[in-house]
Amino acid sequence: MFDSMWGTLILAILILFGLFLYCYRSGSNYDKFKANGIRTEAKILSMEKIGASGGGSTKLKMELLFTTKSGQVTAIAKQYISPQNIAKIMRNNTIYIYYMPENPKKLLPVPWEMG
């Protein structure tokens, strides 16, 4: 089927549609956290490299400690972080996050918002 022109065209359309959905989901997830979440600075208790992207970013698994209205929370976050942002978070051993008030363990690290 994929040796024909129509098969190749359908495959290309499906790949582009999948890429569009991935980008849309990532953007809407960030918007949801920004609109409904609470921004705070979390202390990095431990950090482990678990992967890398083709563009030079490193995927990190971080154990984070941060304070909410109901007390301190420890949570795990995984995030691709650029070399420039790794330098920023290593400076103070902290990272900015957004967490959901109803479930603080549901969080989004935002290293690009660090100054």
Side-chain angles (χ1 to χ4, degrees):
M1 176 178 162
F2 291 108
D3 57 348
S4 70
M5 180 185 77
W6 290 108
T8 305
L9 183 62
I10 290 171
L11 181 62
I13 290 170
L14 288 174
I15 290 171
L16 288 173
F17 184 70
L19 183 62
F20 171 77
L21 286 178
Y22 175 77
C23 292
Y24 177 78
R25 186 179 152 268
S26 296
S28 67
N29 190 36
Y30 176 67
D31 292 342
K32 178 181 75 170
F33 271 95
K34 230 176 141 127
N36 303 322
I38 297 172
R39 183 177 183 243
T40 190
E41 191 170 11
K43 180 178 180 178
I44 300 171
L45 300 176
S46 67
M47 188 167 34
E48 173 186 358
K49 179 181 175 179
I50 58 172
S53 74
S57 294
T58 302
K59 187 164 189 178
L60 298 174
K61 179 180 176 183
M62 299 170 283
E63 183 179 11
L64 305 173
L65 175 69
F66 57 98
T67 304
T68 66
K69 290 180 182 177
S70 56
Q72 290 194 323
V73 175
T74 304
I76 302 291
K78 296 176 184 175
Q79 181 80 21
Y80 281 103
I81 301 178
S82 71
Q84 297 87 353
N85 289 329
I86 288 176
K88 290 177 188 176
I89 66 174
M90 297 296 282
R91 198 173 305 137
N92 295 323
N93 206 33
T94 60
I95 187 169
Y96 287 138
I97 62 167
Y98 285 96
Y99 69 89
M100 291 301 191
E102 65 276 0
N103 183 5
K105 291 203 180 246
K106 189 173 182 180
L107 57 90
L108 176 70
V110 286
W112 56 88
E113 290 188 2
M114 299 195 67

Let me check something: do [X] and [Y] share a hydrophobic cluster, defined by ILVMFWY side-chain heavy atoms less than 4.5 Å apart, either directly or through other members?
X: Ile44; Y: Met90; answer: yes
X: Leu45; Y: Ile95; answer: no
X: Ile13; Y: Trp6; answer: yes
X: Leu65; Y: Ile89; answer: no

To the closest 0.5 Å, what do you measure between [atom1] ([X]) and [atom2] ([Y])?
X: Asn92; Y: Lys43; atom1: CG; atom2: NZ; answer: 11.5 Å
X: Leu108; Y: Lys32; atom1: CG; atom2: NZ; answer: 9.5 Å
X: Thr58; Y: Met47; atom1: OG1; atom2: CE; answer: 10.0 Å

[X] versus [Y]: any side-chain heavy-atom pair under 4.5 Å?
X: Leu19; Y: Ile15; result: no
X: Lys49; Y: Leu60; result: yes
X: Phe66; Y: Leu107; result: yes

Residues in side-chain hydrogen bond (donor to acceptor under 3.5 Å, both in side chains) contact with Thr94, at least two apart in sequence or another chain: Glu41
Salt bridge (charged side-chain N to carboxylate O under 4.0 Å, His left out) involving Lys106 - partner list, sequence neighbours excluded: none
Please tabulate, for the side chains in residues 70-83, all donor-acceptor contacts under 3.5 angstrom to protein atoms that are two or more places apart in sequence or on a different chain.
unit_1 : atom_1 : unit_2 : atom_2 : d
Ser70  : OG     : Thr68  : OG1    : 3.2
Ser82  : OG     : Gln84  : OE1    : 3.3
Ser82  : OG     : Asn85  : N      : 3.3
Ser82  : OG     : Asn85  : ND2    : 3.2

Geometric class of the Tyr30/Tyr98 ring pair [parallel <30°, tilted 30-60°, perpendicular >60°]: perpendicular
Heavy-atom pair of closest approach, residues Ile97 and Ala42: CD1-CB, 4.0 Å
